[in-house]
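Computation of the quantities below employed the complete heavy-atom set of this structure, encompassing side-chain atoms and omitting hydrogens, waters and symmetry-equivalent molecules.
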Amino acid sequence: DGGITQSPKYLFRKEGQNVTLSCEQNLNHDAMYWYRQDPGQGLRLIYYSQIVNDFQKGDIAEGYSVSREKKESFPLTVTSAQKNPTAFYLCASSQRDTYEQYFGPGTRLTVT
Amino acid sequence: EDQVTQSPEALRLQEGESSSLNCSYTVSGLRGLFWYRQDPGKGPEFLFTLYSAGEEKEKERLKATLTKKESFLHITAPKPEDSATYLCAVHGGSGSRLTFGEGTQLTVNP
């Protein structure tokens, strides 16, 4: 089955620690995205990548970093510089010509 | 800058009571309007893409329509399992990124 996987589903960290969220897709999509969703709010774009070894900042990139070394993978690191990291993180992918984004199941990160 | 506004923020219906959700958008050149369904604690599920004014798409009890300024998601004779948050997004030509609205939370009571 083709799809997007995110792991883990729930993640707990102490303040001051960096944490990396995994996102893998087997849809052969060129573009991948990371969003953050806070309770009662819409999706806010953190980073996106349209091709391997290239990525662009979204609207709220501060305190986050990404890499795109393989077409299938787009990991997100939440650094200690992110002031309010507790949130629901969603990864998505799309073909470059249709722009329909397909989402993974999400990772809920709690930092205390 | 692309903008998307969804209304109402929340909608409560009785089972079988048809209604519509609204998505108003401002975009320099629309390349696509997308509807998603999101259940609590899950990732959004893709429903429809609309590309030009006058276009309509249907899936079970849902029908999406598009004008030059807004899109409607019509829900006919809804069932409790249609309860979810419905998200609208537009692609206006800024690379491959989409702009999302904040969603309409739909509750259908039995």
**Results of side chain to side chain contact (heavy atoms under 4.5 Å, CB included) for A/Asn28 - residues two or more places apart only** = A/Lys71
**Message:** Quick check on B/Lys57: does its NZ atom have over 12 non-hydrogen neighbours (other residues, nucleotides or ligands) under 6.0 Å away?
**Reply:** yes
**Prompt:** Is it the case that one hydrophobic cluster holds both A/Ile46 and A/Phe88, taking links as side-chain heavy atoms less than 4.5 Å apart, direct or via other members?
**Reply:** no
**Request:** Look at atom CZ of B/Arg61 and say whether more than 12 heavy atoms of other residues, nucleotides or ligands are closer to it than 6.0 Å.
**Result:** yes
**Message:** If you define the side chain from C-beta out and look only at heavy atoms, does anything of A/Leu90 sit under 4.5 Å from B/Gln38?
**Reply:** yes
**Prompt:** Do A/Met32 and A/Leu76 share a hydrophobic cluster, counting only Ile, Leu, Val, Met, Phe, Trp and Tyr and linking them when any side-chain heavy atoms are less than 4.5 Å apart?
**Reply:** yes
**Prompt:** If you group Ile, Leu, Val, Met, Phe, Trp and Tyr by side-chain heavy-atom gaps below 4.5 Å, do B/Leu30 and B/Trp35 land in one group?
**Reply:** yes
**Asked** Given a strict heavy-atom distance threshold of 4.5 Å, which part of A/Gln50 is in contact with chain B: side chain, backbone, both, or neither?
**Response** side chain
**Request:** For residues B/Leu98 and A/Ser94, determine if any side-chain heavy atom of one lies less than 4.5 Å from a side-chain heavy atom of the other.
**Result:** no
**Request:** Flag yes if more than 12 heavy atoms outside A/Glu15 fall under 6.0 Å of its CD atom; otherwise flag no.
**Result:** no
**Message:** Using heavy-atom distances under 4.5 Å, tell me whether A/Tyr99 contacts chain B through its side chain, its backbone, both, or neither.
**Reply:** both
**Prompt:** Taking only residues two or more places apart in sequence, or in another chain, which ones meet B/Phe46 in a side chain to side chain contact (heavy atoms under 4.5 Å, CB included)?
**Reply:** A/Glu100, A/Tyr102, B/Phe34, B/Tyr36, B/Thr49
**Prompt:** Cluster question for you: counting only ILVMFWY and a side-chain heavy-atom cut-off of under 4.5 Å, with indirect links fine, are A/Leu43 and B/Leu33 together?
**Reply:** no
**Item:** same_hphob_cluster(A/Leu21, A/Phe55) at 4.5 Å side-chain heavy-atom cutoff
**Value:** yes
**Prompt:** When heavy-atom pairs shorter than 4.5 Å are enumerated against chain B, which of A/Gln41, A/Gln101, A/Arg44 gives the highest number?
**Reply:** A/Gln101
**Item:** Segment of B/Glu9 engaging chain A (4.5 angstrom heavy-atom cut-off)
**Value:** neither
**Request:** Below 4.5 Å from any heavy atom of chain B, which atoms of A/Gln56 appear? Answer side chain, backbone, both or neither.
**Result:** neither
**Item:** Toward chain A: residues of residues 99-110 of chain B with heavy atoms under 4.5 Å
**Value:** B/Phe100, B/Gly101, B/Glu102
**Prompt:** Quick one: which residues of residues 58-68 of chain A reach chain B at under 4.5 angstrom, heavy atoms only?
**Reply:** A/Gly58, A/Asp59
